[in-house]
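Here's the structure, in structure tokens; my notes come after.
Lettering of chains follows the sequences in order, A, B, ..., and the numbering in each one begins at 1. This structure is a prediction, so every number in the text was calculated from the model and none was measured.
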Amino acid sequence: MNRLLSHRISSNGAVIDRQKLVHFEFDQKKYTGYEGDTLASALLAHGIHLVGRSFKYHRPRGIFGSGSEEPNALVRLIGDKSSEPNLRATQIEIYDGLIAESQNRFPSLKIDFLSINNVFRRFFPAGFYYKTFMWPASFWMFYEKLIRKAAGLGKLSKKYHRPERYEHKYAHCDLLVVGSGAAGLQTAIIAAKSGARVVIADEQHRFGGWLLTDNDFNINQIPAASWVHETVKNLQSAPNVTCLSRTTVSSMMDDNFVIMAERVTEHLGKKDMLLPKQRLWKLRASKVILATGAIERPLVFSGNDLPGIMLSSAIRTYINRYDVLSGRRAIIFTNNDDAYFTALAIHKAGGFVRCIVDLRVNPKSQIITKVRKIGINILAGHAVIAAHGLRHIASVDIAKYNSGKQAPTSSILHMDCNLLAMSGGLNPVVHLHSQRKGKLVWDERTSCYRPDNKSDEWVSVGAANGTFELERIFIEATKIASTTIMKLAKENNKIKTKELVTVPQIDKDKQNWTPLPTWLIQAGQPHVSDKTAFVDFQNDSTAADIKLAVKEGYSSVEHVKRYTTTGMATDQGKTSNINAIGILASCLNKSIAETGVTTFRPPYTPVSLGAIAGRNIGGLFDPVRKTRMHSWHQSNGAKFEHVGQWMRAWYYPRDGESFQQAVNREVYATRHYAGLLDASTLGKIEVKGPDSAEFLNRVYTNNFADLPIGKARYGLMLKEDGMVFDDGVTTRLAEDHFYMTTTTGGAAGVLSWLEELLQTEWLDLRVYLTSVTEQWSVASLSGPNSRSILTACMSENKNITDDFPFMTMKKSFIAGIPARIFRISFTGEMAFEINVPARYGAALWSHLMKIGKEFNLTAYGTEAMHVLRAEKGFIIVGQETDGTVTPHDLDMGWIISNKKSDFIGKRALERKSMNEPQRKQLVGLLTADPSKVIPEGAHAVLDPNQEMPMEMLGHISSSYYSPNLKHSIALALLKGGLNRKGQTVYIPMLDGQQPIEAKIVDPVFFDKKGERLRG
Amino acid sequence: MVDTISRIVVGCTAFNDKKLPILKKPESLKAPLIELSEIKHLGKLNVRCGKKNRDALGKLIHCNLPIQINQINSKAGRFAISLGPDEYLILAEPGSENQLEKTLNSSDISKYISVVNVSDALCAIQISGPKVRDVLSKGCAIDFHPDSFYKNKAVQCDLALANIVLVCLEENEFIFICRTSFAEYILDWFIDASYEYGIFVSDGI
Amino acid sequence: MLKIKCPFCGVRDESEFSCGGEAHIARPTTDLKLTDKIFSEYLFMKYNPKGVFLERWCHTSGCRRWFNLARDTVSHEIIEIYPMGVFPKTVKGKKAYQANWRRKSKYEAVSKPAKRTKK
Amino acid sequence: MAKLNIDRGTRAFTRKSKRYSIFSIAKNAASYHQKWQQAWRHAEPKSTYDAVIIGGGGHGLATAYYLANIHGITNIAVIEKGWLGGGNTGRNTTIIRSNYMWDESAAIYEHALKLWEGLSQDLNFNVMFSQRGVLTISHSEHELKGMSRRVHAIRLNGIDSDILSPSEIKKLVPTINIDPNIRYPVMGGFIQKRAGTARHDAVAWGYARAADELGVDIIQNCEVTGLRRNGNQITGIQTTKGFVKTSKVGCVVAGHSSIIADMANIRLPITSRPLQAIVSEPIKPILDTVIMSNAVHMYISQSDKGEMVLGAGVDKYNSYAQTGSWTIPEHMVAAAIDLFPFLSQLRMLRQWGGIVDTCPDASPIISKTDVKGLYFNCGWGTGGFKATPGSGHVFADLIANDRPNPIALPFGLKRFETGYLIDEHGAAGVAH
């Protein structure tokens, strides 16, 4: 026999396509379903309820709901590239070749070893782990391993895989409508006619919301289904409307910044490689209408977690949407009218409704009368006090029940069944509203928390607003839509406001929406029955747990939530929160309003991390910036280092050279012949305007007002706290025009800092700043032969190099390229920094290398540059400084002008403590063993044999082997260093080796007089 | 000598040594829906000047400076884009920028303005095709609805992790200007983001 | 994610802006000879209200211009946006300006917050 | 580095009746857990206390506990405007470590770490302190140098810390991506093995229960509305539950420190910023170490429940809203996926924010004030949780003796006047 038929019923005009058979696999078994089925509906069609084991007690759990509220039916989807755990079977659309498996069980669903926890569950009350696993102390790590293994739900495939494609999309609209049920469609269609830019999103794969489940009536004289069809068609054809199905609005933030996750190809078996798996929408909406509907509440009684016990609305949905009857001998347990529609549906579908157990003593309404007529037995004033069964519900105990006294008032009636529908009332989906910090109010009539609807930016409507009767929903939706359009029209004159549509007329059986709130059904010995009366199904928290929490004083809602973990599972308490609050309230003898409610944190349903990251991963995580000489460096075997976003040539190993060998060669060659460094990444800023000189005077510690035109000067920049911030050479091009250079890493920071000062502090200064970092490529030509090389390269007036004093600038042409040449040096050798428009950078470089050949010109990288400047005791901001170092600490008092009344950082430098002799100061270090190079970052001590913690003098900021001095050299910041010159310090090693002995010396190791520099 | 160099230079583009042209499209697509190319060596001047001298400057450039921000004026092959209350970006035909710079800096208002040649600091990239707005909206928070981003509108904004000036030339044709060193990143970004539409990157003009 | 109306570029996403913190902080020049303690009020001490706060923002990814902004630090509502060197005009903005302890501090008595002047 | 012998005081719960143990659970199981007593009394304020602690978070409760347990001052109250541990204690990502570069920081965080070791026994409440190790990763030459500086300093301070090579890191964390060609390759890292995580709520509850046992009044849902002083001496506090007389007030109200300070008209260098975190859905164990990366501003660990916990740096503007910008989680998730590609199969379950005190030097304030009897413990920024026991321990000492001990001394407000900041910015990008 075709197993497919077992629980399928004759077509209901449902959303599945009977013509299209789909093959899938669950727990290594092959099954078939129809296109349009969810994994849940397809499994139910095969009579399969049991799909998972619970988190803590590993109790058997079945399909419970029909949408994102599902707490039990979590499965793992296994794909070729990856495997995704914890997906809701109720939301997975099946496709050919889908492979799913159940979770949190070993070895199998039916036999799960850890269900032993269930037997001993009495020993695992809420928070038990806080009270034990403490002895012996050292054992916790061992206990923890076990707990960790037991915890967690699904498994991940650990092996790498190129993450699938996830797209991001920014969008803007006048109105976002969340949800496509009666309320959503009605508001959207009105907005559409107004000409406003509308986006309507629904997490389900097709629009209609509850109208897809309840549609055996007419809207405006046409069948509800057709009305939905028509309306959706109109929306889709409207140019100003974007319809997004399979799109979950997960978070709503300040100023209606909305995150929506669209499942683009997840539901397709063969993925269309053109399209991404998901698209994450970042939508900015002027107004938002929340038509997010409501979620049914379970009832809390002993054994309410057995497979075969489902939400009444879910059972109805499976019948009407998927032609699936989840069980043939059904009992309905309710405290409201809605479940009666389920009774009808089951009856229509050919199932047998044994009885309706209604907590209300004397329920009356049109629908109830109708159900009575059919002859379904209604037990009013009764309750199901317990459900029994092994892996599926087999029978229930029913008794007269007094909700006030919370106790049964009659003998127990035993009744068998294989399906129990329960309905404890409805909870509006208020998540997005409270994400925006909207308040909730407890509504006594409908016994639910609904939004206060006080905001001007967003509004809830329909079931999401606690309005559950369809006729009232349509009235409300129409009204709210029009008022929202009015508001929008004020901002946007393109939007029409005249009354756009009328309220649809419907002929649906009237229900009377007054549920009888009953949070917990107690029977026999409560402390026994409570233990199996589940509130949060996924986290296994029971009524007993909540009572225990209260007993132990964890009685605020948040404490209960955290102590019992109620509402903290992957469903975020969609079916459990309010029941928990109800039980808590009765424990505290408070009203629910007094008890309060926990906050709903985003997202509404879990959002894929892959989708959140989007394309900003791998090579696109952060831009890499290269100079125009990059390809030369590359083809000449350079090794690179990242400096901020820049990639700089680090060193150029030649045939088999080690790092050290290459650096030694480059350093040696530069000192003895000539070296060429790509300095293009240095920050460059054009400073122009009548007050430029005054401005520079205020931002540098030294004086720039008196700098002659054509001359350059080294400057030190401080932050207002007196700490060194950046340094560089600035040249005066004209009376009112300067050319400033900054460190590579500091470039962006310096420019914005200077702009900030000009725009927010010194509004009176007439100065314009323009970044030209990338306008100029810079080759720094350095070494004894540099002048000869430069001369050889000059295309005209070669003689300018004859008279080219230190710290001056000349404009000329090199090989026909217009150039700004600066005679400045960071190596301590005679050096020229040649700036040319970037487009000529590559050309200039290879030209210099060509001409330089006969002068032994060697390209050197940043490492050699570091060594060369260290030999001269030149600092590097960011290496010798770390935001805690003043110019005095660097022994650079000479650069602080006393003439100037003020500059950034001056006052801070005058604080008493800034001049204390015990501050860390920059000194040089010479190791006793000239070949031993101290590791950078190591710390110096006076007595290497002292006990821990050691008294440290300070750290080594720079340390290299100097091939020119044939000696290891280092720079260090040591407490009172300036007065310690000559003293011996020791540098303890991490690897247990002997401490390195070194002498404190002057930081200038080479050419102290600076003759070579000026030469 | 001059010539040898300038010849070397011609090949040099903001995309460094990326091998162009690039065609990336899935089999299922006949033709790429996105086209991208660099406009090489376009003259670019960053001009700072207050309201007082705006008109005078416009005359010198032969193209009036826009009065409103996010606006662009064009005349005789020159574009004037407003970047801020007192900041403009002038686009001029390749090779004309140096002369223009001289003219402005030697004018009698030169004292009150700042003119800086940024032709090599920035690069101009043209992007067009029926899906151009969709691709841009993947990395740019600006509203690309034709009603709000129309012809001759220019905005400074972020595209993914790069800062750009974006100019709308036609419904489906944009120019954007970014720091040269970001061009490679932007190119990679577009090739990836255009995946579902297909992209053709040409060597440019 | 705030929506900020740049006075020059119009409404843009928060991500295009950077926040420069408290506005209207007077910068005492060195010649004022303040004590270290008073000076530290300028250098480190903060006004950190729960409610309306006057702060400086810069449209970093746009026009790179700075401007002032009055924002509620609880609701994130932006009450007023106004240029550098001028003072808030709204009632809430004015109140926030006066509520700031700096208005009574010793150093502000000798050095006033930056004001716009003719260029 | 300042070092003190740690006085843990006498252990709580020598009285069997309330003592937690495997046996107490068995015994109560027999009686269907009907006999458990309240973890702490829900007290109403008395008219007078010897000292009042404002703020019922981890630090505040710890302060009260040590005041009672070590200094014998038991006539005290902890005043909490909401529910215990409802502030940053209940919102943080619980990383505990003491591998700080500056002596002053190393001293206090190591002091705290020593107290963490054995805290469950001290409090007779399992705070689940899990010494699974915290690994900080370096992605560039420059960072490796910074790391070397930190590790040398840490080691000479006698604190455990080891440098690991990429391959050693791979051995320890098999799921990490050490491909040298990614944008921020793993070039090395250093681990503190004694570091780890703890259960945040349990810390608040454990201290509350122990403090209550020693007679401390714990008063929830009571907001402080004003401070009363006589001249320069604190005389009491105004609350929503009436006036309370006391001559010593300790403020431990991270996020709202400036509000209380304004009541006393004193200045703090603090701004309140959102700090965001996210957790994923629970999965079976896949990451046993805490991983931090300053360069990409991201840290990640897996909770005992199986959730991946991710955090980043603070948001860029002042806020008391406990929400932040979307850009932050977006960036941290991207960074995490580059290091752990498997994460892209996972889903974000919850996203939230706390309000943290940020200080100019990213170091805390434990200090007397110009007002006699008014003490502040604040400015912990993003890293307060790890210090909870140490912070409470030295703050209790400060309140009891009206003078900071050597560990607390460097963290006084005076440093903002002298300029002797303890600048952890350079040292730790994401200071968790």
Interface moiety of [X] toward chain A, non-hydrogen atoms closer than 4.5 Å:
X: D:Glu417; answer: backbone
X: D:Tyr184; answer: side chain
X: D:Glu117; answer: neither
X: D:Glu141; answer: side chain
X: D:Ile22; answer: both
X: D:Leu84; answer: both
X: D:Asp201; answer: side chain
X: D:Ile218; answer: neither
X: D:Ile163; answer: side chain
X: D:Ala336; answer: neither
X: D:Ser303; answer: backbone
X: D:Arg41; answer: neither
X: D:His139; answer: neither
X: D:Pro329; answer: backbone

For this session: Measure centre to centre between the rings of A:Trp140 and D:Phe129, then say whether the value is under 6.0 Å.
Result: no
For this session: Flag the pair D:His33 / A:Phe123 as yes when their ring centroid distance falls below 6.0 Å, and as no otherwise.
Result: no
Do you know the tightest heavy-atom contact between [X] and [Y]?
X: D:Trp326; Y: A:Met253; value: CE3-CE, 3.5 Å
X: D:Leu349; Y: A:Ala569; value: CD1-O, 4.0 Å
X: D:Tyr420; Y: A:Ser913; value: CE1-CB, 3.7 Å
X: D:Leu287; Y: A:Arg148; value: O-NH2, 3.0 Å
X: A:Pro606; Y: D:Glu281; value: CG-OE2, 3.0 Å
X: A:Met141; Y: D:Arg132; value: CE-N, 4.0 Å

Just give me the residue among [options] that pairs up with chain A most often, heavy atom to heavy atom, under 4.5 Å.
options: D:Ser21, D:Ala153, D:Ser24, D:Ser120; answer: D:Ala153
options: D:Met308, D:Gln302, D:Glu110; answer: D:Gln302
options: D:Ser130, D:Ala202, D:Gly158, D:Ala335; answer: D:Ser130
options: D:Ile159, D:Leu346, D:Leu144, D:Val279; answer: D:Leu346
options: D:Lys3, D:Met332, D:Arg199, D:Gln322; answer: D:Arg199

Counting only heavy atoms closer than 4.5 Å, note whether [X] contacts chain D via side chain, backbone, both or neither.
X: A:Asn539; result: side chain
X: A:Tyr143; result: neither
X: A:Lys912; result: neither
X: A:Leu280; result: side chain
X: A:Arg615; result: neither
X: A:Tyr563; result: both

Can a donor-acceptor pair be found, under 3.5 Å and without considering hydrogens, that links the side chain of [X] to the backbone of [Y]?
X: D:Arg183; Y: A:Asp622; result: yes
X: D:Gln38; Y: A:Glu552; result: no
X: A:Arg562; Y: D:Gly90; result: yes
X: D:Asp423; Y: A:Thr884; result: no
X: D:Asn126; Y: A:Thr132; result: yes
X: D:Arg347; Y: A:Leu87; result: no
X: D:Lys284; Y: A:Ala150; result: yes

Heavy-atom neighbours of [X] [atom1] exceed 12 at 6.0 Å:
X: A:His527; atom1: NE2; answer: yes
X: A:Lys531; atom1: NZ; answer: yes
X: A:Lys437; atom1: NZ; answer: yes

For this session: Would you please test A:Lys145 and D:Asp288 for salt bridge (charged side-chain N to carboxylate O under 4.0 Å, His left out) and show each step?
Result: CA-CA 9 Å; A:Lys145 257 197 178 36; D:Asp288 298 332; 5.4 Å; no
Would you check if [X] and [Y] make a side-chain contact, meaning some heavy-atom pair closer than 4.5 Å?
X: A:Met950; Y: D:Met1; answer: no
X: D:Tyr20; Y: A:Tyr130; answer: no
X: D:Ser148; Y: A:Glu936; answer: no
X: D:His152; Y: A:His955; answer: no
X: D:His331; Y: A:Phe621; answer: yes
X: A:Met952; Y: D:Asp103; answer: yes
X: D:Pro282; Y: A:Leu153; answer: yes
X: A:Leu990; Y: D:Val151; answer: yes

For this session: Select, from A:Met568, A:Met723, A:Gln525, A:Gln946, the one with the greatest count of heavy-atom pairs under 4.5 Å involving chain D.
Result: A:Met568
Problem set entry | Whether A:Tyr554 and D:Trp40 hold their rings parallel, tilted or perpendicular, with breakpoints at 30° and 60° | perpendicular
For this session: Can you measure from NZ (D:Lys145) to OG (A:Ser958) and round to the nearest 0.5 angstrom?
Result: 7.0 Å
For this session: Determine, for D:Glu330 against A:Lys282, whether the closest basic-nitrogen to carboxylate-oxygen distance falls under 4.0 angstrom.
Result: yes
